[in-house]
Amino acid sequence: MVKVVSLGVEGRLGNLDQIAAIHTNIIKNGQEQDHFVVFELLRACSRFDAIDYAMEVFRRTRQPNVYVYTAIIDALVACGSSYHAISSYVHMIENSVCPDNFVVNSVLKACALELDLRVEFDDMQKVFDEMPQRDIVATTVMISSYSEHGLVDRALAVFDLPKVRDTVCWTAMIDGLVRNGEMSKSLECFRQMQREGVRANEVTAVCMLSACAYLGALELGKWVHSYIEKYAIKVNHFVASALVTMYLRCGSIREAERAFEEAKKKDVST
DNA sequence: ACTATTCGCG
């Protein structure tokens, strides 16, 4: 355990050195103001938790465009500095950089994070409402953050807005219902998803299987299992353990063992 | 060019 931690730190420092080396090269090549290059550099910093370095790179950028702002906001969100992420967005607007849906979605995430500290949802809803055109990703962010805070009705209200909803959006809603104990509503939601012809993925399957486990709905659980096989949904360890748990809760020890063996055979990864 | 969804296990 101790070894893993120290390896992690060493690896991180090594990578930070690499980033610094890359940065030096960028400066040498006169690409320090190249938005595309800065964007990639900021993302690299974020991947290695080098937020201070990212801030320094950002500060050196004279006229950041919307991509550069998105990268720094994402980096701030990733390290939990939702307040600074929101400030950066305000800064962007003040500098007359036109926002796109991507950066607004990043701010939505920051707002959602901020809600863990305060209890005011209106700012988030306002950002969402004032988007130039709402997209499905923003809707999904709203659904999952409302659900996370137990506000299922508000999640459902947002879910009702778009004309077309994709797999991820449906899954976020189903997950929200499951996590808030609205099991039968989650089943109904899944059925509606099927009716509208939206394909489920491995995340949807996990949510459904946990609802089935909770309700002891063996038949539906089996149906989901066959759906997984029919559409070759990848059985990662989430799906594998959800299958086993579902069969166990439904009292089908034999099926649980079979699912377990099946997963072992397939060498379940990630 | 960038954004969204899953309970982890010794």
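For the numbers below, each heavy atom of this structure counts, side chains included, while hydrogens, waters and symmetry mates do not. So you know, we letter chains A, B, ... as the sequences are listed, proteins then strands, and number each from 1. The structure displayed is predicted, hence computed values, not measured ones.
- The pair A:E261-A:K264 meets the salt-bridge criterion, with a side-chain N (NZ, NE, NH1 or NH2) lying under 4.0 Å from an Asp/Glu carboxylate O.
- Nucleic acid contact class of A:R165 (heavy atoms, under 4.0 Å, all strands): none.
- Listed nucleotides B:dA1, B:dA4, B:dT6 differ in distance to A:V168; the shortest reach to its side chain belongs to B:dA4.
- Residues A:F159 and A:W170 place their aromatic rings such that the two centres sit under 6.0 Å apart.
- When rounded to the nearest whole Å, the span between CZ of A:R179 and P of B:dC7 equals 7 Å.
- Using a 4.0 Å heavy-atom distance criterion, A:S106 is classed as making no nucleic acid contact.
- Regarding A:L248, its CG atom lies at a distance of 18 Å from the P atom of B:dC7, rounded to whole Å.
- Backbone-only contact: A:S241 has heavy atoms under 4.0 Å from sugar-phosphate atoms and none from a base.
- Residue A:F260 shares its hydrophobic cluster (ILVMFWY side chains chained together at separations under 4.5 Å) with A:V244, A:L248, A:I253.
- Closest contact between the side chain of A:Y67 and the listed nucleotides B:dT6, B:dA4, B:dA1 involves B:dA1.
- Among the nucleotides B:dT6, B:dT3, B:dT5, the one closest to the side chain of A:N105 is B:dT3.
- A straight line from CG of A:D34 to P of B:dA1 spans 14 Å, rounded to a whole angstrom.
- For the pair A:E40 CD and B:dC2 P, the interatomic distance rounds to 8 Å; values are reported in whole Å.
- For B:dT3, the OP1/OP2 oxygens have no side-chain nitrogen or oxygen of A:K109 closer than 4.0 Å.
- Of the candidates B:dA4, B:dT3, B:dT6, the closest approach to any side-chain atom of A:D135 belongs to B:dT3.
- Atom CE of A:M131 is separated from atom C1' of B:dC2 by 13 Å (rounded to the nearest Å).
- No salt bridge links A:K126 with A:D122; every basic N to acidic carboxylate O contact stays at or beyond 4.0 Å.
- The OH atom of A:Y89 sits 13 Å away from the C1' atom of B:dT3 (whole-angstrom rounding).
- The nucleotide whose nearest atom lies closest to any side-chain atom of A:F36 is, among B:dA4, B:dA1, B:dC7, B:dA1.
- Regarding contacts with the backbone of B:dT3, a side-chain N or O of A:R43 is found under 4.0 angstrom from either OP1 or OP2.
- Taking every side-chain heavy atom of A:D175 into account, B:dC7 is the closest of B:dC7, B:dA1, B:dC2.
- When rounded to the nearest whole Å, the span between CG of A:N101 and P of B:dA4 equals 13 Å.
- Note that CE of A:M246 is 11.5 Å distant from OG of A:S241, once rounded to the nearest 0.5 Å.
- One can place OH of A:Y146 at 18 Å from C1' of B:dT5, the figure rounded to the nearest angstrom.
- An aromatic stacking contact between A:F102 and the base of B:dT3 is absent, as defined here by ring centres under 5.5 Å apart and ring planes under 30° from parallel.
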